[in-house]
There are 2 protein chains.
Amino acid sequence: MITLYLAEDQGLLNSALSQLLELEDDLHVLGSSRDGQTAWLDINKLKPDVAILDIEMPKASGLDVADDIHNANLKTKVIILTTFAQKAYFERTVKAQVNGYLLKDGPNDELVAAIRNVMAGQTIYDPELVQNMVTASDNPLTHQEMSVLKAAADGQSTKQIAESLFLSDGTVRNYLSAIFSKLGVHNRLEAVNLAKTNKWLS
Amino acid sequence: MITLYLAEDQGLLNSALSQLLELEDDLHVLGSSRDGQTAWLDINKLKPDVAILDIEMPKASGLDVADDIHNANLKTKVIILTTFAQKAYFERTVKAQVNGYLLKDGPNDELVAAIRNVMAGQTIYDPELVQNMVTASDNPLTHQEMSVLKAAADGQSTKQIAESLFLSDGTVRNYLSAIFSKLGVHNRLEAVNLAKTNKWLS
DNA sequence: GGAATGGCATGACATTTGTCATGGTGAATC
DNA sequence: GATTCACCATGACAAATGTCATGCCATTCC
(Lines give C-alpha, C1' and ligand atoms only; values in the text may rest on other atoms or scores of the structure.)
Protein backbone atom coordinates (compact mmCIF):
# COMPACT_ATOMS: atom_id res chain seq x y z
CA MET A 1 0.00 0.00 0.00
CA ILE A 2 1.41 3.36 -1.08
CA THR A 3 0.40 6.30 1.12
CA LEU A 4 -0.08 9.70 -0.54
CA TYR A 5 -0.44 13.36 0.31
CA LEU A 6 -1.93 15.84 -2.15
CA ALA A 7 -1.32 19.60 -2.18
CA GLU A 8 -3.32 21.34 -4.87
CA ASP A 9 -4.66 24.86 -4.85
CA GLN A 10 -7.68 24.35 -7.10
CA GLY A 11 -10.48 22.86 -5.01
CA LEU A 12 -12.17 20.92 -7.76
CA LEU A 13 -9.01 19.18 -8.95
CA ASN A 14 -7.97 18.56 -5.36
CA SER A 15 -11.18 16.77 -4.41
CA ALA A 16 -11.48 14.95 -7.73
CA LEU A 17 -7.93 13.60 -7.57
CA SER A 18 -8.22 12.63 -3.92
CA GLN A 19 -11.27 10.52 -4.60
CA LEU A 20 -9.89 9.03 -7.78
CA LEU A 21 -6.55 8.06 -6.29
CA GLU A 22 -8.28 6.54 -3.29
CA LEU A 23 -10.15 4.21 -5.67
CA GLU A 24 -6.90 2.52 -6.69
CA ASP A 25 -6.34 -0.65 -4.64
CA ASP A 26 -2.71 -0.02 -3.82
CA LEU A 27 -3.01 3.72 -3.10
CA HIS A 28 -4.23 5.51 0.00
CA VAL A 29 -4.57 9.29 0.38
CA LEU A 30 -3.61 10.32 3.92
CA GLY A 31 -4.67 13.91 3.43
CA SER A 32 -4.71 16.96 1.21
CA SER A 33 -4.50 20.72 1.46
CA ARG A 34 -4.80 23.81 -0.67
CA ASP A 35 -1.76 25.82 0.44
CA GLY A 36 1.93 25.11 0.87
CA GLN A 37 2.13 25.93 4.54
CA THR A 38 -0.41 23.42 5.85
CA ALA A 39 0.88 20.95 3.26
CA TRP A 40 4.31 20.93 4.90
CA LEU A 41 2.90 20.68 8.42
CA ASP A 42 0.71 17.75 7.39
CA ILE A 43 3.47 15.98 5.49
CA ASN A 44 5.89 16.31 8.38
CA LYS A 45 3.30 14.72 10.66
CA LEU A 46 1.82 12.06 8.38
CA LYS A 47 5.05 11.09 6.59
CA PRO A 48 3.42 9.78 3.39
CA ASP A 49 5.36 7.66 0.89
CA VAL A 50 4.70 10.14 -1.90
CA ALA A 51 3.75 13.84 -1.85
CA ILE A 52 2.06 15.24 -4.94
CA LEU A 53 2.64 19.00 -5.02
CA ASP A 54 1.30 21.79 -7.17
CA ILE A 55 3.79 24.62 -7.68
CA GLU A 56 1.52 27.65 -7.61
CA MET A 57 -0.12 27.65 -4.20
CA PRO A 58 -0.76 30.32 -1.55
CA LYS A 59 1.68 30.86 1.33
CA ALA A 60 4.39 28.47 0.08
CA SER A 61 4.98 26.98 -3.36
CA GLY A 62 5.29 23.31 -4.04
CA LEU A 63 9.00 23.79 -4.60
CA ASP A 64 9.32 25.36 -1.15
CA VAL A 65 7.60 22.33 0.34
CA ALA A 66 9.91 20.04 -1.62
CA ASP A 67 12.88 21.88 -0.08
CA ASP A 68 11.39 21.46 3.39
CA ILE A 69 10.91 17.74 2.85
CA HIS A 70 14.48 17.32 1.68
CA ASN A 71 15.95 19.44 4.49
CA ALA A 72 14.08 17.40 7.10
CA ASN A 73 15.49 14.18 5.63
CA LEU A 74 12.06 12.63 5.25
CA LYS A 75 12.00 9.65 2.94
CA THR A 76 8.81 10.97 1.34
CA LYS A 77 9.18 11.05 -2.45
CA VAL A 78 8.02 14.16 -4.25
CA ILE A 79 6.08 14.49 -7.50
CA ILE A 80 5.60 18.04 -8.79
CA LEU A 81 2.36 18.52 -10.68
CA THR A 82 2.01 21.77 -12.56
CA THR A 83 0.47 23.53 -15.52
CA PHE A 84 3.55 24.85 -17.24
CA ALA A 85 6.69 23.30 -18.60
CA GLN A 86 8.88 26.24 -17.60
CA LYS A 87 12.62 26.06 -17.50
CA ALA A 88 12.69 28.45 -14.56
CA TYR A 89 10.62 26.05 -12.48
CA PHE A 90 12.57 23.06 -13.60
CA GLU A 91 15.89 24.39 -12.41
CA ARG A 92 14.57 24.78 -8.91
CA THR A 93 13.00 21.35 -9.24
CA VAL A 94 16.35 19.73 -9.85
CA LYS A 95 17.90 21.54 -6.89
CA ALA A 96 15.05 20.35 -4.68
CA GLN A 97 15.88 16.78 -5.71
CA VAL A 98 12.37 16.00 -6.81
CA ASN A 99 11.45 12.51 -8.00
CA GLY A 100 8.93 13.41 -10.66
CA TYR A 101 7.71 16.39 -12.66
CA LEU A 102 4.35 15.98 -14.41
CA LEU A 103 2.14 18.39 -16.33
CA LYS A 104 -1.55 18.77 -15.55
CA ASP A 105 -2.02 18.25 -19.25
CA GLY A 106 -1.96 14.48 -19.24
CA PRO A 107 -4.71 12.05 -18.14
CA ASN A 108 -4.87 10.85 -14.57
CA ASP A 109 -3.65 7.36 -15.48
CA GLU A 110 -0.35 9.04 -16.14
CA LEU A 111 -0.25 10.35 -12.59
CA VAL A 112 -1.13 6.95 -11.15
CA ALA A 113 1.56 5.31 -13.24
CA ALA A 114 4.06 7.94 -12.17
CA ILE A 115 3.31 7.34 -8.50
CA ARG A 116 4.05 3.62 -8.85
CA ASN A 117 7.18 4.23 -10.90
CA VAL A 118 8.52 6.77 -8.44
CA MET A 119 7.93 4.33 -5.60
CA ALA A 120 9.89 1.76 -7.62
CA GLY A 121 12.84 4.15 -7.52
CA GLN A 122 12.49 5.78 -10.92
CA THR A 123 12.64 9.49 -11.64
CA ILE A 124 9.97 10.80 -14.02
CA TYR A 125 10.17 13.93 -16.14
CA ASP A 126 7.52 15.00 -18.59
CA PRO A 127 8.86 14.83 -22.18
CA GLU A 128 7.45 18.26 -23.06
CA LEU A 129 9.44 19.70 -20.22
CA VAL A 130 12.68 18.16 -21.41
CA GLN A 131 12.07 19.65 -24.83
CA ASN A 132 11.50 23.09 -23.34
CA MET A 133 14.76 22.73 -21.44
CA VAL A 134 16.62 22.96 -24.71
CA THR A 135 14.65 25.72 -26.38
CA ALA A 136 13.75 27.90 -23.40
CA SER A 137 16.04 30.82 -22.65
CA ASP A 138 17.80 31.48 -19.40
CA ASN A 139 17.27 34.68 -17.51
CA PRO A 140 20.25 36.86 -18.50
CA LEU A 141 19.52 39.66 -16.04
CA THR A 142 21.56 40.51 -12.96
CA HIS A 143 20.11 40.84 -9.50
CA GLN A 144 19.81 44.64 -9.64
CA GLU A 145 18.33 44.51 -13.12
CA MET A 146 15.69 42.13 -11.88
CA SER A 147 14.85 44.45 -8.98
CA VAL A 148 14.37 47.30 -11.40
CA LEU A 149 12.33 45.22 -13.82
CA LYS A 150 10.07 43.92 -11.06
CA ALA A 151 9.37 47.46 -9.91
CA ALA A 152 8.77 48.57 -13.48
CA ALA A 153 6.37 45.66 -13.98
CA ASP A 154 4.13 47.09 -11.28
CA GLY A 155 3.84 50.27 -13.34
CA GLN A 156 6.15 52.35 -11.16
CA SER A 157 7.77 55.40 -12.74
CA THR A 158 11.52 55.87 -13.00
CA LYS A 159 11.44 58.24 -10.04
CA GLN A 160 9.52 55.82 -7.83
CA ILE A 161 11.86 52.98 -8.70
CA ALA A 162 14.87 55.16 -8.02
CA GLU A 163 13.55 56.12 -4.60
CA SER A 164 12.69 52.60 -3.51
CA LEU A 165 16.08 51.24 -4.59
CA PHE A 166 18.10 54.28 -3.43
CA LEU A 167 19.47 54.99 -6.89
CA SER A 168 19.48 58.05 -9.10
CA ASP A 169 16.98 58.47 -11.91
CA GLY A 170 19.71 58.05 -14.48
CA THR A 171 20.90 54.79 -13.00
CA VAL A 172 17.45 53.28 -13.10
CA ARG A 173 17.01 54.34 -16.70
CA ASN A 174 20.36 52.84 -17.51
CA TYR A 175 19.42 49.51 -15.94
CA LEU A 176 16.26 49.49 -17.98
CA SER A 177 18.23 50.28 -21.09
CA ALA A 178 20.60 47.41 -20.34
CA ILE A 179 17.62 45.12 -19.80
CA PHE A 180 16.11 46.13 -23.14
CA SER A 181 19.35 45.51 -24.93
CA LYS A 182 19.81 42.08 -23.33
CA LEU A 183 16.24 41.08 -24.11
CA GLY A 184 16.21 42.62 -27.57
CA VAL A 185 13.26 44.93 -26.89
CA HIS A 186 12.79 48.70 -26.76
CA ASN A 187 10.41 49.61 -23.96
CA ARG A 188 9.24 48.57 -20.49
CA LEU A 189 6.06 46.89 -21.61
CA GLU A 190 7.83 44.63 -24.07
CA ALA A 191 10.42 43.75 -21.45
CA VAL A 192 7.77 42.95 -18.86
CA ASN A 193 5.78 40.86 -21.33
CA LEU A 194 8.84 38.86 -22.28
CA ALA A 195 9.84 38.35 -18.66
CA LYS A 196 6.34 37.18 -17.80
CA THR A 197 6.15 34.63 -20.59
CA ASN A 198 9.47 33.27 -19.35
CA LYS A 199 8.24 33.31 -15.75
CA TRP A 200 11.19 35.38 -14.61
CA LEU A 201 9.03 37.68 -12.54
CA SER A 202 7.12 37.22 -9.27
CA MET B 1 -30.24 8.85 -16.31
CA ILE B 2 -28.70 12.26 -16.99
CA THR B 3 -26.36 12.40 -19.97
CA LEU B 4 -23.38 14.75 -19.82
CA TYR B 5 -20.76 16.31 -22.05
CA LEU B 6 -17.56 17.77 -20.62
CA ALA B 7 -15.40 20.43 -22.28
CA GLU B 8 -12.30 21.19 -20.24
CA ASP B 9 -8.93 22.33 -21.49
CA GLN B 10 -6.75 20.90 -18.73
CA GLY B 11 -6.20 17.22 -19.47
CA LEU B 12 -5.86 16.04 -15.91
CA LEU B 13 -9.05 17.69 -14.69
CA ASN B 14 -10.86 16.56 -17.81
CA SER B 15 -10.02 12.89 -17.34
CA ALA B 16 -10.48 12.97 -13.58
CA LEU B 17 -13.91 14.56 -13.77
CA SER B 18 -15.04 12.26 -16.56
CA GLN B 19 -14.23 9.20 -14.52
CA LEU B 20 -15.66 10.60 -11.32
CA LEU B 21 -18.96 11.72 -12.85
CA GLU B 22 -19.32 8.35 -14.56
CA LEU B 23 -19.19 6.69 -11.14
CA GLU B 24 -22.46 8.34 -10.10
CA ASP B 25 -25.39 6.00 -10.71
CA ASP B 26 -27.66 8.54 -12.39
CA LEU B 27 -25.00 10.25 -14.52
CA HIS B 28 -23.46 9.17 -17.82
CA VAL B 29 -20.70 11.01 -19.66
CA LEU B 30 -21.31 10.81 -23.41
CA GLY B 31 -18.01 12.42 -24.30
CA SER B 32 -15.45 15.11 -23.57
CA SER B 33 -13.05 17.37 -25.42
CA ARG B 34 -10.30 19.88 -24.75
CA ASP B 35 -11.26 22.69 -27.11
CA GLY B 36 -14.44 24.62 -27.85
CA GLN B 37 -14.68 23.73 -31.51
CA THR B 38 -14.87 19.95 -31.17
CA ALA B 39 -17.01 20.46 -28.07
CA TRP B 40 -19.72 22.15 -30.14
CA LEU B 41 -19.54 19.55 -32.91
CA ASP B 42 -19.84 16.73 -30.39
CA ILE B 43 -22.65 18.37 -28.44
CA ASN B 44 -24.65 19.04 -31.59
CA LYS B 45 -24.33 15.38 -32.50
CA LEU B 46 -24.72 13.72 -29.09
CA LYS B 47 -27.33 16.13 -27.66
CA PRO B 48 -26.51 15.57 -23.97
CA ASP B 49 -28.86 16.71 -21.21
CA VAL B 50 -26.17 18.88 -19.64
CA ALA B 51 -22.98 20.39 -21.07
CA ILE B 52 -20.26 21.34 -18.60
CA LEU B 53 -18.06 23.99 -20.20
CA ASP B 54 -14.79 25.61 -19.21
CA ILE B 55 -14.49 29.21 -20.39
CA GLU B 56 -10.82 29.41 -21.29
CA MET B 57 -10.30 26.86 -24.05
CA PRO B 58 -8.48 26.87 -27.40
CA LYS B 59 -10.35 27.66 -30.64
CA ALA B 60 -13.68 28.65 -29.01
CA SER B 61 -14.49 29.63 -25.43
CA GLY B 62 -17.14 27.95 -23.33
CA LEU B 63 -19.30 31.03 -23.71
CA ASP B 64 -19.06 30.75 -27.49
CA VAL B 65 -20.22 27.14 -27.25
CA ALA B 66 -23.09 28.21 -24.97
CA ASP B 67 -24.16 30.70 -27.65
CA ASP B 68 -24.03 27.98 -30.29
CA ILE B 69 -26.17 25.67 -28.17
CA HIS B 70 -28.74 28.39 -27.60
CA ASN B 71 -28.83 29.48 -31.23
CA ALA B 72 -29.39 25.91 -32.38
CA ASN B 73 -32.33 25.59 -29.96
CA LEU B 74 -30.92 22.47 -28.38
CA LYS B 75 -32.53 21.62 -25.07
CA THR B 76 -29.08 20.86 -23.62
CA LYS B 77 -28.60 22.75 -20.36
CA VAL B 78 -25.30 24.53 -19.83
CA ILE B 79 -23.12 24.75 -16.74
CA ILE B 80 -20.11 27.05 -16.98
CA LEU B 81 -17.15 25.88 -14.93
CA THR B 82 -14.31 28.32 -14.55
CA THR B 83 -11.47 29.52 -12.36
CA PHE B 84 -12.40 33.16 -11.91
CA ALA B 85 -15.43 35.00 -10.65
CA GLN B 86 -15.08 37.81 -13.16
CA LYS B 87 -17.83 40.27 -13.85
CA ALA B 88 -16.77 40.51 -17.47
CA TYR B 89 -17.39 36.79 -17.93
CA PHE B 90 -20.62 36.84 -16.04
CA GLU B 91 -22.24 39.43 -18.25
CA ARG B 92 -21.70 37.28 -21.30
CA THR B 93 -22.92 34.31 -19.29
CA VAL B 94 -26.28 35.95 -18.65
CA LYS B 95 -26.64 36.83 -22.32
CA ALA B 96 -25.88 33.25 -23.29
CA GLN B 97 -28.73 32.13 -21.01
CA VAL B 98 -26.61 29.71 -19.11
CA ASN B 99 -28.17 27.51 -16.43
CA GLY B 100 -25.28 27.40 -14.00
CA TYR B 101 -22.01 29.14 -13.23
CA LEU B 102 -19.62 27.32 -10.89
CA LEU B 103 -16.07 28.00 -9.78
CA LYS B 104 -13.37 25.37 -9.98
CA ASP B 105 -12.70 26.27 -6.38
CA GLY B 106 -15.36 24.07 -4.84
CA PRO B 107 -15.30 20.29 -4.30
CA ASN B 108 -16.68 17.97 -6.96
CA ASP B 109 -19.77 17.11 -4.88
CA GLU B 110 -20.80 20.69 -5.60
CA LEU B 111 -20.62 20.04 -9.32
CA VAL B 112 -22.61 16.83 -9.04
CA ALA B 113 -25.27 18.58 -6.97
CA ALA B 114 -25.37 21.44 -9.48
CA ILE B 115 -25.94 19.01 -12.35
CA ARG B 116 -28.95 17.49 -10.62
CA ASN B 117 -30.38 20.86 -9.62
CA VAL B 118 -30.00 22.26 -13.09
CA MET B 119 -31.79 19.22 -14.49
CA ALA B 120 -34.57 19.92 -11.99
CA GLY B 121 -34.99 23.32 -13.60
CA GLN B 122 -33.00 25.46 -11.19
CA THR B 123 -30.42 28.07 -12.13
CA ILE B 124 -27.21 27.98 -10.09
CA TYR B 125 -24.78 30.85 -9.56
CA ASP B 126 -21.75 30.65 -7.34
CA PRO B 127 -22.14 32.97 -4.32
CA GLU B 128 -18.63 34.38 -4.70
CA LEU B 129 -19.53 35.43 -8.20
CA VAL B 130 -22.64 37.29 -7.08
CA GLN B 131 -20.53 39.14 -4.54
CA ASN B 132 -18.02 40.16 -7.18
CA MET B 133 -20.87 41.42 -9.33
CA VAL B 134 -21.39 44.21 -6.86
CA THR B 135 -17.78 45.12 -6.17
CA ALA B 136 -16.21 44.53 -9.58
CA SER B 137 -15.85 47.51 -11.88
CA ASP B 138 -17.24 47.76 -15.37
CA ASN B 139 -15.01 48.49 -18.30
CA PRO B 140 -15.40 52.24 -18.88
CA LEU B 141 -13.41 52.33 -22.12
CA THR B 142 -14.78 52.94 -25.58
CA HIS B 143 -14.18 50.68 -28.54
CA GLN B 144 -11.33 52.76 -29.94
CA GLU B 145 -9.75 53.14 -26.53
CA MET B 146 -9.78 49.37 -26.17
CA SER B 147 -8.12 48.95 -29.57
CA VAL B 148 -5.37 51.30 -28.52
CA LEU B 149 -4.94 49.69 -25.12
CA LYS B 150 -4.75 46.20 -26.60
CA ALA B 151 -2.04 47.34 -28.99
CA ALA B 152 -0.20 49.07 -26.17
CA ALA B 153 -0.44 45.92 -24.06
CA ASP B 154 1.66 44.09 -26.65
CA GLY B 155 4.41 46.63 -26.10
CA GLN B 156 3.84 48.54 -29.34
CA SER B 157 5.09 52.12 -29.50
CA THR B 158 2.82 55.08 -30.18
CA LYS B 159 3.98 55.17 -33.78
CA GLN B 160 3.27 51.49 -34.37
CA ILE B 161 -0.18 51.77 -32.84
CA ALA B 162 -0.93 54.86 -34.93
CA GLU B 163 0.06 53.06 -38.11
CA SER B 164 -1.95 49.93 -37.43
CA LEU B 165 -5.08 51.91 -36.53
CA PHE B 166 -4.62 54.60 -39.22
CA LEU B 167 -4.46 57.44 -36.71
CA SER B 168 -1.96 60.19 -36.05
CA ASP B 169 0.58 59.90 -33.26
CA GLY B 170 -1.16 62.62 -31.31
CA THR B 171 -4.51 60.90 -31.45
CA VAL B 172 -3.11 57.68 -30.11
CA ARG B 173 -1.42 59.51 -27.27
CA ASN B 174 -4.65 61.30 -26.55
CA TYR B 175 -6.55 58.03 -26.36
CA LEU B 176 -3.98 56.69 -23.97
CA SER B 177 -4.25 59.81 -21.88
CA ALA B 178 -8.03 59.45 -21.75
CA ILE B 179 -7.61 55.81 -20.74
CA PHE B 180 -5.25 56.77 -17.93
CA SER B 181 -7.63 59.39 -16.66
CA LYS B 182 -10.59 57.02 -16.73
CA LEU B 183 -8.65 54.30 -14.97
CA GLY B 184 -6.93 56.65 -12.54
CA VAL B 185 -3.40 55.69 -13.56
CA HIS B 186 -0.49 57.51 -15.16
CA ASN B 187 1.29 55.24 -17.63
CA ARG B 188 0.77 52.36 -20.03
CA LEU B 189 2.05 49.67 -17.76
CA GLU B 190 -0.31 50.58 -14.95
CA ALA B 191 -3.20 50.75 -17.39
CA VAL B 192 -2.37 47.36 -18.86
CA ASN B 193 -1.98 45.79 -15.42
CA LEU B 194 -5.34 47.12 -14.29
CA ALA B 195 -7.04 45.98 -17.47
CA LYS B 196 -5.55 42.53 -17.10
CA THR B 197 -6.66 42.05 -13.52
CA ASN B 198 -10.16 43.03 -14.64
CA LYS B 199 -9.94 40.70 -17.63
CA TRP B 200 -10.79 43.47 -20.06
CA LEU B 201 -8.07 42.47 -22.49
CA SER B 202 -7.81 39.60 -24.96
C1' DG C 1 51.35 42.91 -11.94
C1' DG C 2 48.58 44.06 -15.91
C1' DA C 3 44.63 43.14 -18.90
C1' DA C 4 40.13 41.80 -19.51
C1' DT C 5 35.60 41.15 -17.78
C1' DG C 6 31.19 41.96 -15.54
C1' DG C 7 28.39 44.39 -12.36
C1' DC C 8 27.28 48.89 -10.53
C1' DA C 9 26.48 53.89 -10.93
C1' DT C 10 25.89 58.56 -13.07
C1' DG C 11 24.67 62.61 -16.12
C1' DA C 12 24.02 64.67 -20.88
C1' DC C 13 21.24 64.25 -24.80
C1' DA C 14 17.50 62.92 -28.08
C1' DT C 15 13.28 60.63 -28.38
C1' DT C 16 9.04 59.11 -26.77
C1' DT C 17 5.30 59.63 -23.88
C1' DG C 18 1.57 61.99 -21.38
C1' DT C 19 -1.33 66.33 -20.82
C1' DC C 20 -4.21 69.74 -22.36
C1' DA C 21 -6.79 72.98 -25.26
C1' DT C 22 -9.34 72.78 -29.30
C1' DG C 23 -12.56 71.32 -32.81
C1' DG C 24 -15.51 68.05 -35.58
C1' DT C 25 -19.40 64.74 -35.87
C1' DG C 26 -23.76 62.32 -34.99
C1' DA C 27 -27.45 60.85 -31.69
C1' DA C 28 -30.54 61.97 -28.02
C1' DT C 29 -33.29 65.44 -25.52
C1' DC C 30 -35.81 69.48 -24.95
C1' DG D 1 -33.85 74.04 -34.29
C1' DA D 2 -30.96 74.46 -30.37
C1' DT D 3 -28.55 72.09 -26.74
C1' DT D 4 -26.34 68.57 -24.64
C1' DC D 5 -23.58 64.59 -24.69
C1' DA D 6 -20.36 60.99 -26.06
C1' DC D 7 -17.00 59.74 -29.17
C1' DC D 8 -13.44 60.73 -32.39
C1' DA D 9 -9.39 63.37 -33.95
C1' DT D 10 -5.36 66.61 -33.89
C1' DG D 11 -1.16 69.41 -32.56
C1' DA D 12 1.55 72.18 -29.11
C1' DC D 13 3.88 71.74 -24.98
C1' DA D 14 5.99 69.67 -20.80
C1' DA D 15 7.55 65.60 -18.58
C1' DA D 16 9.21 61.00 -18.57
C1' DT D 17 11.75 57.59 -20.95
C1' DG D 18 15.51 55.41 -23.53
C1' DT D 19 20.42 55.76 -25.31
C1' DC D 20 25.09 56.50 -24.85
C1' DA D 21 29.72 57.75 -23.19
C1' DT D 22 32.06 57.56 -19.09
C1' DG D 23 33.99 55.95 -14.76
C1' DC D 24 34.54 52.96 -10.47
C1' DC D 25 35.39 48.64 -8.28
C1' DA D 26 36.05 43.70 -7.64
C1' DT D 27 37.19 39.28 -9.78
C1' DT D 28 39.34 36.35 -13.05
C1' DC D 29 42.81 35.09 -16.25
C1' DC D 30 46.99 35.37 -18.39
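Both backbone and side-chain heavy atoms feed into the values below; hydrogens, waters and symmetry mates do not. Naming: A, B, ... by sequence-line order, numbering from 1 per chain. Everything numeric in this text was worked out from a predicted model, so none of it was measured.
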Atom [atom1] of [X] and atom [atom2] of [N]: how far apart are they, to the nearest Å?
X	N	atom1	atom2	answer
R188(A)	dG18(D)	CZ	C1'	8 Å
E145(B)	dA9(D)	CD	P	11 Å
L176(B)	dA15(D)	CG	C1'	16 Å
L165(B)	dT10(D)	CG	P	11 Å
H143(B)	dA9(D)	NE2	P	11 Å
Q144(B)	dC7(D)	CD	P	12 Å
F180(B)	dA15(D)	CZ	P	17 Å
E190(A)	dG18(D)	CD	P	10 Å

Atom pair CG (L176(A)) and OG1 (T171(A)), whose distance is rounded to the nearest 0.5 Å
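Here the rounded value is 11.0 Å.
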[X] versus [Y]: any side-chain heavy-atom pair under 4.5 Å?
X	Y	answer
L17(B)	L111(B)	yes
L149(B)	Y175(B)	no
E22(A)	H28(A)	yes
I43(A)	L53(A)	yes

Do any side-chain nitrogens or oxygens of H186(B) fall under 4.0 Å of OP1 or OP2 in dA15(D)?
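No, no such contact exists.
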Does a side-chain N or O of Q160(A) approach OP1 or OP2 of dA16(D) to a distance below 4.0 Å, or not?
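Result: no.
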Only pairs under 3.5 Å count here: list side-chain donor-acceptor contacts from residues 182-189 of chain B, not counting sequence neighbours, and write none if there are none.
from, atom 1, to, atom 2, distance (Å)
K182(B), NZ, P140(B), O, 3.3
K182(B), NZ, E145(B), OE1, 2.9
K182(B), NZ, E145(B), OE2, 3.4
N187(B), OD1, L189(B), N, 3.1
N187(B), OD1, E190(B), N, 2.9
N187(B), ND2, G155(A), O, 2.9
R188(B), NH2, T158(B), OG1, 2.6

What's [X] touching, base or sugar-phosphate or nothing? Going by heavy atoms closer than 4.0 Å.
X	result
S181(B)	nothing
T142(B)	sugar-phosphate
T171(B)	base

With nearest nucleotide decided by heavy atoms, which residue, T158(A) or N174(B), maps closer to the 5′ end of DNA chain D?
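It is N174(B), whose closest nucleotide lies nearer the 5' terminus.
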Between P140(B) and F166(B), name the one whose nearest nucleotide on DNA chain D is closer to the 5' end.
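By nearest-heavy-atom nucleotide position, the 5'-most residue is P140(B).
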Taking all non-hydrogen atoms of both residues into account, name the closest pair between K196(A) and N193(B) and its distance.
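That closest heavy-atom pairing would be NZ-OD1, 3.8 Å.
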Between L6(A) and N14(A), what is the shortest heavy-atom contact and its length?
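Minimum heavy-atom contact is CD2-O, 3.5 Å.
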Over 12 foreign heavy atoms within 6.0 Å of NZ, K159(A)
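No.
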Out of dG18(D), dC7(D), dA12(D), which has the shortest distance to the side chain of R173(B)?
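Out of dG18(D), dC7(D), dA12(D), the nucleotide with an atom closest to R173(B)'s side chain is dA12(D).
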Would you please say whether a donor-acceptor pair under 3.5 Å links the side chains of Y5(B) and S33(B)?
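S33(B) and Y5(B) do have a side-chain donor-acceptor pair below 3.5 Å.
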Going 5' to 3' along DNA chain C, between which two nucleotides do contacts with chain B fall, using a heavy-atom cut-off of 4.0 Å?
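Contact boundaries, 5' end first: dT17(C) to dA21(C).
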Take the C1' atoms of the five end pairs on each side of the helix from dG1(C)-dC30(D) to dC30(C)-dG1(D), derive the two axes, and give their angle rounded to 10 degrees.
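Overall, the helix from dG1(C)-dC30(D) to dC30(C)-dG1(D) bends by 30° from one end axis to the other.
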